[in-house]
Every structure is written in C-alpha cells, then in structure tokens.
Amino acid sequence: MSESQEYHLKVPMEFDFQQNLNYLLRESNEVMYQIEGQKITRVVEIDNLLILIRLSYKEAYLRISILNEVHLTEEQVAKLLIFVEDFFDLTRDLKPFYQLAKADPILKNVASQFYGLRLMGVPDFFEAISWGILGQQITLSFAYTLKRRLVERFGEKISYHGQVYWAFPTAAVIADADMADLLALKLSRRKCEYLQEVARLILSGQISKEAYLSMADTETVEKAMTTIRGIGPWTANYVMMRCFRLGEAFPTADVGLLNALKVVQGLPEKPTQSSLLHLKKCWGQWCGYSTFYLWRLLY
DNA sequence: CACCAGGACTCGG
DNA sequence: CCGAGTCATGGT
C-alpha cells in the first residue's frame, strides 16, 4: 500500500487562488481539468507517464496530491513541480504589472478587479498549438466542444473514484490518425490538415518548444511560427503567451481583446490596429497579462 | 434567417 | 501588397 504522495509550493505575493479558480471555472465544457469544491484535478504527463494530481490551496501554499499509483523519480517530481509552477505562472513577479496598471486608464480597473490572477498556462506545446488552431474563427463554446471530442477520441484517460480525467492526445497519435476520424469530430478539413501537419513537425523534431524558446525575441518566434501552415499571427502570439510565457506576446487581432478594449474605452467601434500598436509600446512585457485580464471581462 | 465567432489560407487583381 | 471568398458549426 503506497501512501498518497504530497508536495507543496509556496505561492508568490501577488497571488489569489480564488481568482485563478474563477478563471478555470469560467467554462463548464473544459475537458482538461475538473474542479470540485476548491480543488483542481487534472492529468499531467511527465516522461510519457500519466500522473493524476489534485491541487488545493492553504496558507500561501499550493498542495499537490498525487492520486494515482505511480512511482516518480526525484527528477520526475521536479518536473511535476515545474509544471505546476508553469501552470500558475508562479515565478513571475507581478509588482511591475500592477505598477504599470495603476497609471493606465485601460488597465486600472481590471487589474484591481482581478488582482492576484495569474496568466494560466498551457505548458504542453502540442496542446497549446492545437488549442490555438481549434479556436480560430469559431465561437469559444464550439471550440471547447471540438477540443472535448478530440481529447475523448484520441487522448488517454485515468479513472479515479468514478470520475474520468483526460490527457491531451500526443502528437504521435494525431499524426497517425485517419483523416476520416478527425473529420468525424466536425473540424473543418483545413483544421484537420493543420493539426496533422503540426503533429508531424513536432514528431520529426522540426519544431519544438525548446527551439522557439531559444530565439531572441517575439518577432523572431512569430516569423518562424507563421511559416507553418495554419499558424497565423494570432495563433503564434497565443502560443507565445500561454505556452512560451513571453510577456510581449500580444494577439492584436483577437476579437475578444478588441471587444474588451471597445467596452473599457467606451468606443463606438472596435479599436484599430494602429491603436493596438500603440498599446503594445505602452505595455511592453505586460501585453500578455493585459490581454488575459481584459479577456476576464468577457468570459 | 442572417450574421458572427479568441483566423488563416487562397486566389484574383 | 490588398480585398474578397471560403471554411464548419452553433448560438443569437
């Protein structure tokens, strides 16, 4: 009988567990995690090993409980903790963001309304890029439905106490999937092609999170990513923001962002791209956080 | 019923 | 380079 394994991570100052929980709760059709009470349960994949973890919060610490029977090496435990840190973006110091927001008419109110909210991450590269592709053009609720179908058709699962928890499909599985099976999920043919192409590029090592992270700046990464079919400026910036954690990432064409800016500024129309370039200069390293906070006004 | 959704590709000028 | 059409489906 193995005892349940537990680990703890101290959270930084500018952290409000409830704000992050509220963000995770905003979409009831989400398939990548479940929330019961004040606890988040999800699967994490480390070295091809599926780990079921439950996250809770107490007195400035995140508690990570491992629910399934796995034996982890020290190195794997370290990777798991890094995953959780990345998920909540714990290593970033948000003081400069709130400093900036205090003097910014657009950010002032949202920053205090959602104080302690972290830019929740999608650490897995294939998941992040797939989610970007799925989210193109269609309504968010439909995108969540497509993701659920994709995950429940091609992902692996862990059952625990009558609940089912899913891991996102691996690039290998999607690369080998039959086009007909992908089409049956009601993705457009183009999106199926994009997903398979990306999966194959990852499998062959032609693209990787590590390689993109080693690039000099967001412009270089964006230029490299947008050469891939199906990845335009929006998707590239979305992935840079949620997965690569580049503060300057800024999906300036994002409809949600434009609508939020319109509301906050009381504009008659959506803001122009030139006004977004101005915001990019003002917000610098905090474009991603600004976007994430503004999204919270809508969803 | 028309229109738009957390876009990007394709093709004609 | 630039504008218009196309894509799948679901919600309003």
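Throughout, a chain's letter reflects where its sequence line sits, starting with A, and its residues are numbered from 1. Everything numeric in this text was worked out from a predicted model, so none of it was measured.
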Whole Å only: how far is the [atom1] atom of [X] from the [atom2] atom of [N]?
X	N	atom1	atom2	value
Tyr194(A)	dA8(B)	OH	P	9 Å
Leu183(A)	dC7(C)	CG	C1'	12 Å
Lys191(A)	dT6(C)	NZ	C1'	12 Å
Ile138(A)	dT6(C)	CD1	C1'	15 Å
Trp295(A)	dA5(B)	CH2	C1'	14 Å
Arg190(A)	dG5(C)	CZ	P	15 Å
Leu150(A)	dA8(C)	CG	C1'	15 Å
Lys147(A)	dA8(C)	NZ	C1'	19 Å

Next item on the list: Apply ring-ring contact (aromatic ring centres under 6.0 Å, His included) to the pair Tyr165(A) and Tyr33(A), showing each step before the final yes or no.
Entry: CA-CA 7 Å; Tyr165(A) 302 90; Tyr33(A) 44 79; over 10 Å; no

Is the distance from OP1 or OP2 of [N] to the nearest side-chain N or O of [X] less than 4.0 Å?
X	N	result
Arg229(A)	dT10(B)	yes
Lys186(A)	dA8(C)	no
Lys270(A)	dA5(B)	yes

Check: If the P atom of dT10(B) is compared with that of dA8(C), how far apart are they to the nearest Å?
Finding: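 Per the computed distance, 13 Å lies between those P atoms.
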
Notebook entry, point to check: Which whole number of Å gives the distance between the P atom of dC3(B) and that of dA4(C)?
Noted result: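 Going atom to atom, P in each nucleotide, I get 15 Å.
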
What nucleic acid atoms does [X] come within less than 4.0 Å of, heavy atoms only: base, sugar-phosphate, or nothing?
X	value
Thr235(A)	sugar-phosphate
Arg296(A)	nothing
Pro233(A)	sugar-phosphate
Leu298(A)	nothing
Ile228(A)	sugar-phosphate

Checklist line | Nearest-nucleotide comparison on DNA chain B, the residue closer to the 5′ end among Gly135(A) and Gly230(A) | finding: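 Its nucleotide being nearer the 5' end, the pick is Gly135(A).
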
Next item on the list: State which of dT9(C), dG7(B), dC9(B) makes the closest approach to the side chain of Gln136(A).
Entry: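 The answer is dG7(B), which lies nearest to the side chain.
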
Check: Does Asn237(A) reach the main-chain N or O of Phe250(A) with its side chain, forming a donor-acceptor pair under 3.5 Å?
Finding: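 Present.
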
Next item on the list: Please confirm whether the backbone N or O of Gln34(A) pairs with a side-chain atom of Gln163(A), one donor and one acceptor, at under 3.5 Å?
Entry: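 No.
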
Margin query: Suppose we call two aromatic rings close when their centres sit under 6.0 Å apart. Are Tyr144(A) and Trp131(A) close by that rule?
Written below: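 Between Trp131(A) and Tyr144(A), which both carry aromatic rings, the centre distance is below 6.0 Å.
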
Check: Is the distance between the ring centroids of Phe292(A) and Tyr23(A) under 6.0 Å?
Finding: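 Ring-ring flag for Phe292(A)/Tyr23(A): true, centres closer than 6.0 Å.
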
Notebook entry, point to check: Got a donor-acceptor pair under 3.5 Å from the side chain of Gln137(A) to the base of dA5(B)?
Noted result: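 Donor-acceptor pair under 3.5 Å: yes.
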
Check: Under a 4.0 Å N-O cut-off, is there an ion pair linking Glu269(A) with Lys262(A)?
Finding: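 A salt bridge is absent here (no side-chain N lies under 4.0 Å from a carboxylate O).
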
